[in-house]
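Contents: one structure, followed by commentary.
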Amino acid sequence: MLIPKEDRKKIHQYLFQEGVVVAKKDFNLPKHDEIDTRNLFVIKALQSLTSKGFVKTQFSWQYYYYTLTDEGVDFLRTELNIPEGILPLTRLKNAPAERPRPFRGSREGGFRRRRD
């Protein structure tokens with residue numbers, strides 16, 4: 001499928017910036033939720049990157065989940081002329097986020113106490 005160059009560049013820039021893209025399986029959707037282009041262009045551009053091994057695809061509940069691979073990072077870095085030090089958000093080493101845990105002392109929510 002022929003995709004306009006500026007739309008393909010928007011898709012590739014967003015993919016490199018975030019590291020992941022989620023697209024609803026609706027080929028007639030006029031605009032993607034996150035990227036300012038048609039949803040069909042997003043799905044087909046990422047399908048092309050998947051066939052080249054630059055992106056992994058997971059499909060669940062009528063949504064496509066695309067994840068950038070190491071080869072994809074190198075490919076997009078050379079295509080978009082991005083320096084070596086910049087990485088997608090999914091590749092940054094941050095402190096692990098802890099899951100919020102319920103407060104044990106309150107009666108509302110949290111864990112229930114056993115009656116003895």
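All of these numbers come straight from a predicted model, not from anything done at the bench.
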query: For atom NZ of K9, is the number of surrounding heavy atoms from other residues, nucleotides or ligands below 6.0 Å larger than 12?
result: no
Contacts under 3.5 angstrom, residues 43-57 side chains, donor-acceptor by atom type, not counting sequence neighbours:
unit_1 : atom_1 : unit_2 : atom_2 : d
K44    : NZ     : Q47    : OE1    : 3.1
T50    : OG1    : L46    : O      : 2.8
T50    : OG1    : T57    : OG1    : 2.8
S51    : OG     : S48    : O      : 2.7

task: Identify, with sequence neighbours excluded, every residue that meets salt bridge (Lys or Arg N to Asp or Glu O under 4.0 Å) alongside E6.
output: none
message: With a 4.5 Å cut-off on side-chain heavy atoms, are E34 and V42 touching?
response: no
field: Reported CG-to-CD1 distance for the pair L40 and I3, which is rounded to 0.5 angstrom
entry: 7.5 Å
For residues 10-29, tabulate all N or O donor-acceptor pairs below 3.5 Å that involve a side-chain atom, not counting sequence neighbours.
unit_1 : atom_1 : unit_2 : atom_2 : d
K10    : NZ     : D36    : O      : 3.1
H12    : ND1    : E79    : OE2    : 2.9
D26    : OD1    : N28    : N      : 3.3

task: Report the residues that fulfil salt bridge (Lys or Arg N to Asp or Glu O under 4.0 Å) with D33, sequence neighbours left out, ordered by chain and then residue number.
output: none
Co-membership, hydrophobic cluster, residues I82 and F75, 4.5 Å side-chain: yes
message: Using only atom types and a distance under 3.5 Å, with no angle test, would you say the side chain of R38 pairs donor to acceptor with the backbone of H32?
response: no
Quiz: residues 60-68 side-chain donor-acceptor pairs under 3.5 angstrom, not counting sequence neighbours:
none

